[in-house]
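Values below: every heavy atom of this structure, side chains too, minus hydrogens, waters and symmetry copies.
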Amino acid sequence: NFTGGTVQSNRSEQVIDYDYGGQIYSAGGGICANNGSTIHMSGDAKVLKNMAHEIGGGISIGSNQLSDGINILYMFGGIIDGNEAGASGGGIFIQTGYSTGKKSVAHISAGQITNNQMNGQGDTQMAFGGGGIYVNGFRNSQNGELYLANTVITNNSAAKIFLDEELEKQASDGGGYAACPISKTVIHVTDGVAIYKNDAQIQGKDLYILGKAKYDLHGG
């Protein structure tokens, strides 16, 4: 229960587990909610200027591995500002679940998500950017979920980097919000959501939702 105070200037450094095929870890520069964790964020709570080498610069709901449990963020207020992630989700990263009934979910009904960045310096998947918020999906799993209302998402950015041709140089897409093409996204812009003045140097300065058959299942 996070109703006041500040989580500021923390870092989630990269760890490589060579015993598991070189698996790379680094999630949640400020906060990582994993293994069945729930965060209630409200009031004057602030998550400021934290950094994750890979995912979830401010808050990561889930970790680099698919969630084995239900992780939930309830954000009823507060500020997530000035955080950075190397690969995706500068402000917030929402991970997919390992199987049915195991997932990560964010219910954001108030607050500000501002000045966060995906800086493109990570080593894991960054093809879809997501400066403010990134929601992940995965084949044959329970996709991450985001429910959004009464929230301001502005001045977030996805850095310009160059990937190989197979990934189509997409890493600077989705300055405000980006979703994995396998995930499902429904946006109801009727209840006080403002997504504006975000920056991405290729596509989707504010929103980036890709449909592409090569990503299977929902991709398209």
For the [atom1] atom of [X] and the [atom2] atom of [Y], what is their distance to the nearest 0.5 Å?
X	Y	atom1	atom2	value
Asn71	Asn35	CG	CG	7.0 Å
His107	Thr38	NE2	OG1	9.5 Å
Phe76	Ile108	CZ	CD1	11.0 Å
Gln112	Ile153	CD	CD1	11.0 Å
Met41	Ile79	CE	CD1	8.0 Å
Ile55	Ser60	CD1	OG	4.0 Å

Measuring only between side-chain heavy atoms, which start at C-beta, is [X] closer than 4.5 Å to [Y]?
X	Y	value
Phe2	Ile31	yes
Asp199	Asn156	no
Val135	Asn143	no
Ile59	Met75	no
Asp123	His53	yes
Ile113	Thr151	yes
Ile61	Asn34	no

Next item on the list: Please step through side-chain contact (heavy atoms from CB on, under 4.5 Å) for the pair Gln14 and Tyr25, ending with a clear verdict.
Entry: CA-CA 6 Å; Gln14 184 191 79; Tyr25 302 96; over 6 Å; no
Check for a donor-acceptor pair, side chain of [X] on one end and backbone N or O of [Y] on the other, with a separation under 3.5 Å.
X	Y	value
Asp206	Gly175	no
Ser26	Ser12	yes
Asn50	Gly58	no

Margin query: Could you walk me through whether Asp81 and Val47 satisfy the side-chain contact (heavy atoms from CB on, under 4.5 Å) test, starting with their C-alpha distance in whole Å, then the side-chain angles of each, then the deciding distance to 0.1 Å, before giving a yes or no?
Written below: CA-CA 6 Å; Asp81 181 90; Val47 179; over 6 Å; no
Check: Name the one of Asn119, Asn10, Asn83 that satisfies side chain to side chain contact (heavy atoms under 4.5 Å, CB included) with Met51?
Finding: Asn119
Tell me the closest heavy-atom pair linking [X] and [Y], and the distance in Å.
X	Y	value
Ile24	Ile16	CG1-CG1, 4.2 Å
Phe93	Ser88	CE1-OG, 3.4 Å
Gly62	Ala27	O-CB, 4.3 Å
Ala158	Gly174	CB-O, 4.2 Å
Gln95	Ser104	O-CB, 3.1 Å
Ile94	Ala106	CD1-CB, 3.5 Å

Ignoring hydrogens and geometry beyond distance, is a side-chain donor-acceptor pair present between [X] and [Y] at under 3.5 Å?
X	Y	result
Ser109	Asn150	no
Thr3	Ser42	no
Thr124	Glu54	yes
Glu145	Tyr147	yes

Margin query: Could you go through Gln8 and Lys49, starting from their C-alpha distance and side-chain angles, then the distance that decides it, and tell me whether this counts as side-chain contact (heavy atoms from CB on, under 4.5 Å)?
Written below: CA-CA 6 Å; Gln8 182 170 351; Lys49 298 179 180 179; 4.3 Å; yes
Next item on the list: Please identify each residue that fulfils ring-ring contact (aromatic ring centres under 6.0 Å, His included) with Tyr196, with sequence neighbours left out.
Entry: none
Connected via hydrophobic side-chain network under 4.5 Å: [X] and [Y]:
X	Y	value
Ile39	Leu148	yes
Ile80	Ile195	yes
Val193	Leu146	yes

Note to self: Let's go through Ile92 and Leu73 carefully: what are the C-alpha distance in whole Å and the side-chain angles of both, what is the deciding distance for side-chain contact (heavy atoms from CB on, under 4.5 Å) to 0.1 Å, and is it a yes or a no?
What the structure shows: CA-CA 10 Å; Ile92 302 173; Leu73 168 65; 4.1 Å; yes
Margin query: Can you confirm whether more than 12 heavy atoms, excluding those of Asp17, are under 6.0 Å from its CG atom?
Written below: yes
Next item on the list: Could you tell me which residues satisfy side chain to side chain donor-acceptor pair (under 3.5 Å) with Asn64, sequence neighbours excluded, listed by chain and number?
Entry: none
Next item on the list: Tell me, please, which residues at least two apart from Gln65 pass side chain to side chain donor-acceptor pair (under 3.5 Å).
Entry: none
Check: Can you list the steps and then say if Thr154 with Thr114 is a side chain to side chain donor-acceptor pair (under 3.5 Å)?
Finding: CA-CA 5 Å; Thr154 189; Thr114 55; over 6 Å; no
